[in-house]
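What follows is one structure encoded as structure tokens, with my remarks underneath.
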Amino acid sequence: MRKDWEQSRPDISISALATEVREEYSRLENISDDEIMKLCRSTVEYKNELCYLSPKEKERIIRLVYCSLRCELEILQDLSDDPEISEIMVNGTDHVFYEKHGRMIMSDIKFESREQLEQIIQRLAARVSREINDLNPILDARLSDGSRVNAVHSNIAINGPILTIRKFNKSRMTMDELVAQSDISREAADLLDLLVRYRYNIFVCGGTSSGKTTFLNVLSDSIPKDERVIVIEDSAELQIRGHQDLVRLEARAANAQGRGGVSIRDLIKSSLRMRPDRIIVGEVRGPEVVDMLAAMSTGHDGSLSTGHSNSARGMLGRLETMVLANSDFPSDAIRRQIAQAIELIVHLQRSADGHRRVVEIAEVCGIKDGEIQLSSLFSFRPGEGLVRTEN
């Protein structure tokens, strides 16, 4: 009987409630946010068809109505404001997911129409002076607070407009905190601190959302504070602190006419003329790998970068593939350059429960029989953590 009653509940239209509130305050001048909230509350409280709602449910509806009227992200605003949520993923109008404490959760939030979702996407695009439409169906941008936004127009997304927001993490991890969380052992942490100070070229790799940017931030803490640091990113996320002589460069996409674009590769070339002590490249994924490896192997020691891979060995193969795709060098020459440029690889992994940790630290030991040699220094063992590897 209870189930039948619940199924007979009328649908709640947030946009219809918002329209009623808007009609109320449209006759008023200079209405404040508090007054808007009062109107939202009275509209929901006195709706006879909403009498079945619990007090908690009513508060949630009131908040959604308010957000749809006054917040940039409308019904997504509370997810965006939650500091424990790291990413928001909208797959069309009916499926909203978010990542919290490393776990993927499906929200009960739904958009009432495709137009409502498209309006939010258009608003985000306008904030960064971009547009998303039939001719420009993909938006990839950084908001002023550092959050990354990717949106796909409905003309190429079968299940409706797609929106992904990776929130900027305002908190800044330290190596001591990573050790306390068992993300890395104290012995391995001390070794990395020493190697960064001694200007080893270090590459951090891992899968999506494995913590590469966080770990690169942590490694940068070991760079002596009197050195000149050049940071190059596709989308500014790194939080390098304590360095007065810091230059931050961010790539820029071309405009609708195909002009004004500045690539990571352009920025790396320019950085070599800035008298850098250290070059930090947020992530390499294309032709910029050629210039990054050239910089690392021609006197710019102590450089740091990241890339996507499933293992330390896999990262070497991916680097080789990227160079092959963007140069005419033979494979043997590419491998020699990689072996000469990169001295240490740190591999991170995200487990099924959302925990991110260092699972391997490997030293690049030159070339033998045409293959790059890796020597594992530390590896992760279940139940033991990150332990020194016996060679």
Side-chain angles (χ1 to χ4, degrees), residues 14 33 37 54-68 70-111 117 120-121 123-124 127 141-151 162-184 204 206-221 233 235-241 282-283 306 348-359:
I14 302 300
D33 289 345
M37 178 59 81
S54 68
K56 185 176 180 180
E57 288 176 316
K58 280 188 178 181
E59 284 300 320
R60 180 174 173 277
I61 297 301
I62 291 167
R63 175 65 184 170
L64 288 175
V65 173
Y66 173 82
C67 287
S68 68
R70 303 294 270 192
C71 300
E72 183 177 51
L73 294 178
E74 297 189 16
I75 59 176
L76 299 176
Q77 190 65 48
D78 284 346
L79 295 180
S80 178
D81 291 342
D82 189 337
E84 297 181 334
I85 292 177
S86 56
E87 196 147 4
I88 303 167
M89 293 141 283
V90 182
N91 302 342
T93 58
D94 295 332
H95 298 91
V96 177
F97 297 85
Y98 60 90
E99 184 183 51
K100 191 170 187 175
H101 302 307
R103 302 191 57 147
M104 201 73 71
I105 302 170
M106 183 173 179
S107 169
D108 59 356
I109 293 174
K110 295 182 186 296
F111 290 88
L117 176 54
I120 293 175
I121 293 173
R123 192 179 296 133
L124 292 173
R127 277 183 60 181
R142 177 180 64 87
L143 302 182
S144 57
D145 66 353
S147 297
R148 280 181 9 196
V149 171
N150 176 271
I162 308 299
L163 174 64
T164 307
I165 302 174
R166 175 169 289 187
K167 292 168 56 182
F168 180 71
N169 189 358
K170 295 181 175 63
S171 63
R172 175 73 153 69
M173 299 289 289
T174 65
M175 188 66 84
D176 288 340
E177 289 173 323
L178 295 182
V179 171
Q181 295 175 176
S182 299
D183 295 343
I184 188 173
V204 179
T208 300
S209 195
S210 59
K212 299 184 294 296
T213 299
T214 295
F215 201 77
L216 199 58
N217 277 327
V218 171
L219 288 180
S220 72
D221 288 342
E233 298 178 84
S235 181
E237 292 182 293
L238 290 170
Q239 302 175 59
I240 311 300
R241 61 186 181 187
E283 182 182 339
T306 76
L348 291 89
Q349 193 173 77
R350 176 183 170 183
S351 60
D353 63 0
H355 191 90
R356 300 168 175 88
R357 59 169 62 91
V358 177
V359 295

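Both backbone and side-chain heavy atoms feed into the values below; hydrogens, waters and symmetry mates do not.
- The heavy-atom pair separating Lys167 from Ser147 by the smallest distance is CA-OG, 3.5 Å.
- Contact detail for Leu178 and Met173: the closest heavy-atom pair is CD2-CE, 3.7 Å.
- In this structure, the side-chain contact (heavy atoms from CB on, under 4.5 Å) partners of Ser209, at least two apart in sequence or on a different chain, are Glu99, Arg166, Arg350, Arg356.
- Taking CG of Asp78 as the start and CG of Asp82 as the end, the distance is 8.5 Å to the nearest 0.5 Å.
- Using a 4.5 Å heavy-atom cutoff, the side chains of Met37 and Ile62 are in contact.
- Residues passing the side-chain contact (heavy atoms from CB on, under 4.5 Å) test with Glu283, sequence neighbours excluded: Arg285, Thr306, His308.
- For the atom pair Ile109 CD1 and Asp94 CG, the distance stands at 13.0 Å (nearest 0.5 Å).
- Under the rule for a side-chain contact (heavy atoms from CB on, under 4.5 Å), the partners of Asp221 that lie at least two apart in sequence or sit in another chain are Arg172, Arg241.
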Criterion side chain to side chain contact (heavy atoms under 4.5 Å, CB included) on Leu163 and Leu124, from CA distance to verdict
CA-CA 10 Å; Leu163 174 64; Leu124 292 173; 4.0 Å; yes
Mind running side chain to side chain contact (heavy atoms under 4.5 Å, CB included) on Arg60 and Asp108 for me, showing each step along the way?
CA-CA 11 Å; Arg60 180 174 173 277; Asp108 59 356; 2.7 Å; yes
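- Here CD of Glu87 is found 6.5 Å from OG1 of Thr164. Values are rounded to the nearest 0.5 Å.
- Of all the heavy atoms in Leu238 and Gly282, the pair that sits closest is CD1-CA, 4.3 Å.
- For Ser182, there are no side chain to side chain donor-acceptor pair (under 3.5 Å) partners two or more places apart in sequence or in a different chain.
- Rounded to the nearest 0.5 Å, atoms NZ (Lys110) and NE2 (His95) are 5.5 Å apart.
- The shortest non-hydrogen separation linking Ile121 to Ile162 is CD1-O, 4.2 Å.
- The nearest pair of heavy atoms linking Met175 to Phe215 is CE-CZ, 4.4 Å.
- Every residue meeting the side-chain contact (heavy atoms from CB on, under 4.5 Å) condition with His101, not counting sequence neighbours, appears here in chain and number order: Glu84.
- Between Glu59 and Pro55, every side-chain heavy-atom pair lies at or beyond the 4.5 Å cut-off.
- Here Ile184 contributes atom CD1 and Asp176 contributes atom CG; the two are 11.0 Å apart, rounded to the nearest 0.5 Å.
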Evaluate the criterion side chain to side chain contact (heavy atoms under 4.5 Å, CB included) for residue pair Phe111 and Val96; output intermediate values, then yes/no.
CA-CA 9 Å; Phe111 290 88; Val96 177; 4.1 Å; yes
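- When the side chain to side chain donor-acceptor pair (under 3.5 Å) test is applied to Asn150, no partner is found at least two apart in sequence or on another chain.
- We find the OG-CD1 distance between Ser220 and Ile240 to be 3.5 Å, quoted to the nearest 0.5 Å.
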Evaluation steps, side chain to side chain contact (heavy atoms under 4.5 Å, CB included), between Phe97 and Leu79:
CA-CA 10 Å; Phe97 297 85; Leu79 295 180; over 6 Å; no
